[in-house]
Amino acid sequence: MNNVATEIVLKDATTSLAEYEAAGGYAALAQARALTPEQVTDELITSELRGRGGAFFPTGRKWSFVPPKNTLPKPHYLVVNADESEPGSFKDNEILSRVPHRFIEGCLITAHAIDCTNVFVYIRGEYSGPYEILVGALEELRDRKDIRGDVTIVVHRGAGAYICGEETALLESLEGKRGQPRSKPPFPAISGLYASPTVVNNVETIATVPPIIAMGGAEFAKLGVENTRGTRVVSISGNVVNGGNYEIEAGMSLRDIIYDLGGGIPDGRTLKAVVPGGSSTVILTKDEIDVGYDFESLAKLQTSMGSAGIVVLDDRCCIVQLGIRFSEFYEHESCGKCTPCREGTRWLTAILRKLEDGRAGEHELDLLLDVCDRINGKCLCPLGDSDAIIVASYVAKFRDEFVAHIEEGGCPFGGASSLDHVLAPVAMHTHSPVAEVPA
Amino acid sequence: MSSPELVTVTIDERTVQVAKGTGMVETAAAAGIEIPVFCYEPRLGAPVGACRMCLVEVEGMPKLQAGCTLSAQDGMIVRTARSSPKAAEGQNSTLEFILVNHPLDCPVCDKGGECPLQDLTFRYGPGNTRMTFPKRTFEKPIPISPLIALDRERCILCYRCTRFSESVAEDGQLVAINRGAQSVIATFEDEPYRGHFSGNVTELCPVGALTSTQYRFEARPWEIQDVPTVCGLCPVGCNINATTREGKVKRILSRNHPQVDEGWLCDKGRFAFVHLHARDRITAPLRKAGPRRFEALDWDEALDLVEEALRRGGHSTLTTLSGSESVEEAYALAKLLRRGLDANAAVLPEEVPDALDAFRAPLSSLRDAKTIAVVSDTPVVERAPVVDLWLKAARRAGAAISYGSPDGRVDALVTDDPEIAASVEATNVYFLPLTPNGRGVADAWSAAGDGEPVDVKPRVLVISGDEEALDPAVRAVATEAEVVIGIGLFEASFRGIADLVLPGTSYLERDGTTINLEGRLQRQRRAVLAPVPDVLAWLSKLGARFGVEISPYSSVEFEEISARCFGGISYGDVGPQASLPPRAEHQPKTQKLETGSLRESVSASGGGLRLVAYKPLFSGPAVERTPELQFQRPAGEVQLARADALERKIRNGQTVTVSSNGTALELRARIARDLAAGTVRIAVDDAGDLHAVVEVKA
Amino acid sequence: MSSLYDEIQAIRAVYPDDSESAVLPALRRAQQEHGWLSADVLREVADALETTPAYCKAVASFYDQFHLAPIGEHLVEVCTNVSCAVVGAQQVVEAFESELECRAGETSADGKVTLRTVECLGGCGWATIVAVDHHYRTHVKADDVPEIVQELRGDEQRGD
Ligand SMILES: Cc1cc2nc3c(=O)[nH]c(=O)nc-3n(C[C@H](O)[C@H](O)[C@H](O)COP(=O)(O)O)c2cc1C
Ligand code: SF4
Ligand code: FES
């Protein structure tokens with residue numbers, strides 16, 4: 001494969017309505033409106049599009065779960081997940097900033113498919129830039145009833161909480177509550193926003209809908225590989241020359257993504273490891289990157305595309321510190337609802353710190369894995385599980401480095417690690433500190 | 001209704017049949033198996049699956065599942081910690097995580113010995129600790145109100161308390177702040193948890209994090225006894241346990257009657273018991289010894305004086321009853337007066353139309369109603385607090401609730417007006433009486449005799465009950481009478497008006513029955529001995545002097561009145577969870593009153609708003625004698641309907657002027673949802689000299 | 001009378017009746033106006049939303065973007081999650097600390113700038129991301145810091 005990306009989502013980037021329409025924008029909407037909602041959904045099923053938010057659920061099937069209004073007389077809602085907070089992911093930022101009208105067109109087509117007139121876009125509070133662009137684009141549609149139809153799109157801003165990317169926490173937050181996940185079932189398709197049938201989709205998923213309708217589901221399904229159809233906007237970051245977003249055809253090799261698109265490792269360093277799909281995915285060593293960037297190939301390595309945030313780490317990265325930093329993230333972002341996540345993530349950080357500082361013995365490495373085990377699979381939502389899974393994967397793949405910390409009584413990098421002494425928000429009480437008296 | 005579909009579930013190799021959709025915790029219980037829980041509490045709404053104590057293995061599901069969030073489906077195969085090592089490990093993990101921060105200060109914790117965390121750790125927990133880091137510690141205990149202390153270290157963040165505040169009481173006062181491991185339970189800043197039901201959180205808390213300040217360090221679980229009885233402070237008659245130690249009431253707990261209170265209790269019922277030990281409690285018969293002074297009498301002398309006075313009054317004796325008497329007390333007193341003196345004149349607490357018996361229904365049915373009309377001047381919560389919780393539950397379940405006149409027939413009507421109660425078209429009618437046992441007292445009075453009152457100015461006035469003695473109308477009559485005999489608990493109530501006072505007993509000190517607002521006859525039991533003889537004991541002696549046979553035993557008095565009023569059921573049959581008598585035959589209504597015109601006529605006349613000066617729940621003699629309840633008294637506010645506020649450009653929370661010709665007051669405006677347009681409400685103590693029609697200005 | 005109350009009524013009108021959805025936008029609006037959410041501001045918001053201040057605080061304290069303590073005139077937020085950290089975010093933080101003479105989590109003595117570290121801002125490929133008054137600066141290096149601080153302080157000379 002070459003490094004020419006396959007653009008269907010990011011194609012013809014423009015924030016201007018006139019330019020977007022000139023390039024054929026909103027034609028897919030007209031096409032979709034000429035179809036029945038069921039036909040649109042069928043087109044999506046044919047396309048084999050799967051959700052780009054991380055869980056990879058077939059989009060058309062998700063839409064088909066919404067009960068018809070004659071069986072459940074309640075309004076339907078479309079809620080778009082633009083909370084993008086997964087460390088390593090910034091693709092939705094780019095999509096909203098560069099092709100806002102394609103995204104809006106996707107919202108309108110989806111609204112038609114699920115028979116809804118109320119769309120909420122839940123955008124993370126930090127995204128002021130994309131927010132303004134999106135609101136500007138919607139403003140352009142103010143007098144375009146022909147495009148908007150009966151649909152109202154409300155952009156609702158979050159306020160800083162990673163957990164609000166989890167769909168039920170997002171709904172709680174959108175309902176004006178603390179963003180804590182709900183226990184499922186009931187699933188949002190049956191009882192979501194305001195206890196009504198709700199489809200929650202990721203920004204990229206929605207922005208992929210117009211090209212699917214335009215080219216036809218079957219044509220879309222020719223892109224990519226078995227099980228992972230179409231394109232993906234991947235975010236490349238970390239120790240690479242050309243960090244940024246690239247739209248690729250699914251199945252491209254991870255090595256090519258890193259070296260061809262990302263331009264390889266800068267400063268003459270060497271590759272050590274790759275986080276393939278955002279912080280919550282199992283790490284890959286430098287020897288594991290000759291793998292197709294698609295669901296099945298990555299699943300063989302027990303990892304996944306997640307939200308397609310590829311974090312490249314060079315040889316200066318201390319893996320114990322990597323564990324600490326991500327664990328601190330999960331500890332900071334744990335919503336506090338379920339016990340294993342709330343207490344477990346904090347405990348993991350504490351053990352990892354002890355290891356890093358050289359204060360831990362061999363048995364504490366076992367304890368670390370045991371605590372991972374005790375968190376994993378017991379939490380209310382995947383947040384806590386993720387921390388346990390990734391930390392366990394660091395130990396599994398870099399055990400020697402953990403042991404070296406114990407044997408050398410400290411960090412073998414001796415202060416030269418790229419993650420040395422990073423100040424994580426969890427260690428810093430700027431936000432309504434709790435009076436904590438030392439024990 | 002069709003009978004529910006039965007499904008078969010296998011739990012730890014035992015099969016059990018339950019209705020489809022039954023919660024797994026209940027399903028397991030039906031199979032005799034415990035699924036341990038912390039956060040699960042069905043009364044708080046849908047399960048939240050937060051604590052993860054209830055993890056079980058379900059065949060066909062790869063991950064452990066929170067048992068509390070599962071419901072029974074046919075053919076389900078479930079394994080709990082008893083038969084699944086994976087589930088056992090899951091529960092053990094949860095406990096280990098919980099204990100990571102728990103102080104394990106059980107020896108000095110009030111919950112010790114009746115603590116779910118203690119019990120479950122004993123059964124499922126890890127034997128040692130692997131946590132080698134400092135536990136989180138906090139300042140402790142934090143008074144979240146004068147009634148409740150919070151030990152944050154002990155909190156396991158099950159969110160029962162905050163869910164209660166948010167989705168049962170709907171008071172929005174007790175919340176979790178911050179996120180993740182930083183989360184703590186808190187009120188706003190240093191403000192106390194104000195609300196009618198705050199005390200329930202002390203019972204909901206599965207650890208010793210939220211405790212009652214009254215009960216702190218007062219007793220250990222093995223030193224106490226719980227006496228099942230019924231609260232006597234409002235017409236709901238919530239079922240309670242009075243916890244006693246060494247002959248003293250130490251706390252009041254709810255005792256779930258699913259049809260009456262669902263295990264909730266208001267703060268008056270829970271905390272006001274300390275009135276038993278009030279400083280001005282009457283412990284001996286009293287005689288007026290000066291304008292504001294009494295002297296104690298011995299009993300023989302007192303009975304002589306009362307006898308003498310009653311003979312002087314004869315048939316021109318007037319009796320006023322407060323509605324806080326037990327049925328038996330009222331009946332015995334009525335017999336003495338009506339049969340002994342032919343004194344048939346009485347001011348009864350209130351009139352409850354008999355027609356209502358045709359619309360009788362358990363309070364729990366309110367939750368199932370789809371349409372409800374509330375026609376009540378007094379806020380429901382101030383008069384019959386737990387009824388308000390049923391209304392809220394109904395609204396959460398989707399009921400349409402109208403305030404003011406309903407259009408058309410409704411499933412349920414809640415009203416404080418007997419006339420309206422008898423006139424609105426409704427399937428079930430809930431009348432909110434003023435007094436705890438007005439209905440029972442009225443029945444007792446009428447059962448005791450059938451003579452007609454004579455139409456003369458009363459020479460002797462008998463005032464039964466403190467509330468009655470404090471009533472300005474009664475006081476006005478008292479100034480006209482030659483002799484005033486009082487019966488009550490507190491000296492202050494009778495000072496300045498009574499010539500003779502005989503000691504009364506509190507509902508916690510007596511045996512007897514009461515009738516609540518549903519028409520349910522319930523049994524009160526003596527939790528502690530009163531510092532004075534039983535009312536029936538001295539009434540029996542007085543009766544003897546007038547040739548009226550009165551038994552000192554309430555059971556005997558009850559059998560007598562039961563034959564006349566309650567279909568002859570026996571005292572023993574009024575069980576600890578009393579049932580509701582069947583509905584009376586429906587008598588077709590002759591006339592339908594227009595409630596709208598009834599209630600709104602005043603406002604129409606002046607263009608102003610009709611003022612309701614209501615008596616708050618947190619008032620009255622018992623509350624006045626409970627210092628820790630004082631903060632719950634209403635803070636000067638005027639409640640308005642949204643439409644009235646909008647029309648006057650009044651903002652919620654704004655200070656407004658309420659005026660009626662000549663007087664004006666500044667109060668905080670609050671937009672109230674439970675108010676019909678055209679009406680405003682102010683607590684009676686805050687209403688000053690305002691008239692019945694007021695104007696409100698921003 | 002403040003117009004915040006009326007603005008909040010307008011926000012409420014966007015969402016279904018009886019929903020609390022207006023809470024986040026209302027808090028955001030209040031914070032824009034007052035800089036941070038003091039107890040009095042929370043009371044004001046609660047009145048306008050017809051809810052309790054405790055509820056508002058429960059919600060506000062869940063989210064990182066709400067300030068429950070006063071902050072400086074400007075807010076500098078440095079992402080220190082992994083993608084930024086491996087290319088020098090910590091050096092950027094330290095450069096800010098030394099320029100501003102305060103620690104992360106604090107406000108400079110002149111009350112001008114509050115500095116804090118934050119979790120991933122969603123700009124990882126353009127690291128280090130620094131949000132200055134909520135607008136992202138990309139590819140920030142420690143060397144760029146004095147200029148940014150100058151710019152924020154210079155604001156003072158312009159007298160606003
Ligand atoms: C902790 C957590 C965080 C998540 N964050 C996001 C997110 O920021 N954006 C997103 O689209 N999906 C996120 N998800 C996935 C959503 O729950 C949900 O699956 C997704 O929005 C569905 O959209 P899709 O089917 O289009 O992928 C997150 C899930 C979890 C468990
Ligand atoms: S205080 Fe008690 S009831 Fe409230 S969350 Fe903590 S443990 Fe649960
Ligand atoms: S009891 Fe089931 S999760 Fe708490």
Output the option from [options] having the highest count of non-hydrogen pairs under 4.5 Å with chain C.
{"options": "A/Gly309, A/Ser85, A/Gly125", "value": "A/Gly125"}
{"options": "A/Pro266, A/Cys335, A/Gly262, A/Cys317", "value": "A/Cys335"}
{"options": "A/Leu174, A/Thr152, A/Ile236", "value": "A/Leu174"}
{"options": "A/His332, A/Glu328, A/Arg157", "value": "A/Arg157"}
{"options": "A/Ser417, A/Ala159, A/Gly179", "value": "A/Ala159"}
{"options": "A/Pro75, A/Gly88, A/Gly244, A/Gly129", "value": "A/Gly88"}

Q: Could you point out which residue of A/Ser237, A/Ser235, A/Ser89 forms a side chain to side chain donor-acceptor pair (under 3.5 Å) with C/Ser83?
A: A/Ser237
Q | Distance, nearest 0.5 Å, that separates SG of C/Cys120 from CZ of A/Arg124 | A |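 If we round to the nearest 0.5 Å, C/Cys120:SG and A/Arg124:CZ are 6.0 Å apart.
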Q.
As an exercise, state the distance from CG of A/Leu423 to OG1 of C/Thr117, rounded to the nearest 0.5 Å.
A. 4.0 Å
[X] versus chain C, heavy atoms under 4.5 Å apart: side chain, backbone, both or neither?
{"X": "A/Val422", "result": "both"}
{"X": "A/Asp420", "result": "backbone"}
{"X": "A/Asn93", "result": "side chain"}
{"X": "A/Glu86", "result": "backbone"}
{"X": "A/Glu132", "result": "side chain"}
{"X": "A/Phe329", "result": "both"}
{"X": "A/Ser173", "result": "both"}
{"X": "A/Leu313", "result": "side chain"}

Q) Which residues pass the salt bridge (Lys or Arg N to Asp or Glu O under 4.0 Å) test with A/Glu84, sequence neighbours left out? A) none
Q | Taking every non-hydrogen atom, the tightest pair across A/Arg178 and C/Ala58 | A | NH1-O, 2.9 Å
Q: Would you check if the side chain of C/Arg28 reaches a backbone N or O of A/Gly158 as a donor-acceptor pair within less than 3.5 Å?
A: yes
Given a strict heavy-atom distance threshold of 4.5 Å, which part of [X] is in contact with chain A: side chain, backbone, both, or neither?
{"X": "C/His135", "value": "side chain"}
{"X": "C/Ala131", "value": "neither"}
{"X": "C/Ala127", "value": "neither"}

(Q) Does A/His421 have more than 12 heavy atoms from other residues, nucleotides or ligands lying within 6.0 Å of its NE2? (A)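 No, NE2 of A/His421 has 12 or fewer neighbouring heavy atoms, counting only those of other groups under 6.0 Å.
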Q: Count the heavy atoms of every other residue, nucleotide or ligand shown that sit under 6.0 Å from CD of C/Glu101, and state whether that count exceeds 12.
A: no
Q.
Heavy-atom pairs under 4.5 Å with chain A - which of C/Val82, C/Leu24, C/Leu27 has more of them than the others?
A.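 Option with the greatest count: C/Val82.
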Report yes if the side chains of [X] and [Y] come closer than 4.5 Å at any heavy-atom pair, otherwise no.
{"X": "A/Lys177", "Y": "C/Val59", "value": "no"}
{"X": "A/Pro425", "Y": "C/Asp64", "value": "no"}
{"X": "A/Asn245", "Y": "C/Trp126", "value": "yes"}
{"X": "A/Tyr127", "Y": "C/Leu121", "value": "no"}

Q.
Strictly less than 4.5 Å between heavy atoms, which residues of residues 8-23 of chain C line up against chain A? Please order them by number.
A.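 Under the 4.5 Å heavy-atom cut-off, C/Val14, C/Tyr15, C/Pro16, C/Ser19, C/Glu20, C/Ser21, C/Val23 qualify.
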Q | salt bridge (Lys or Arg N to Asp or Glu O under 4.0 Å) contacts in which one or both residues fall within residues 119-128 of chain C, not counting sequence neighbours | A | A/Arg325-C/Glu119
Q: Could you pull out all residues at least two apart from A/Ala161 that satisfy side chain to side chain contact (heavy atoms under 4.5 Å, CB included)?
A: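 Result, side chain to side chain contact (heavy atoms under 4.5 Å, CB included) vs A/Ala161: A/Ile163, A/Cys164, B/Arg179, C/Phe62, C/Tyr63.
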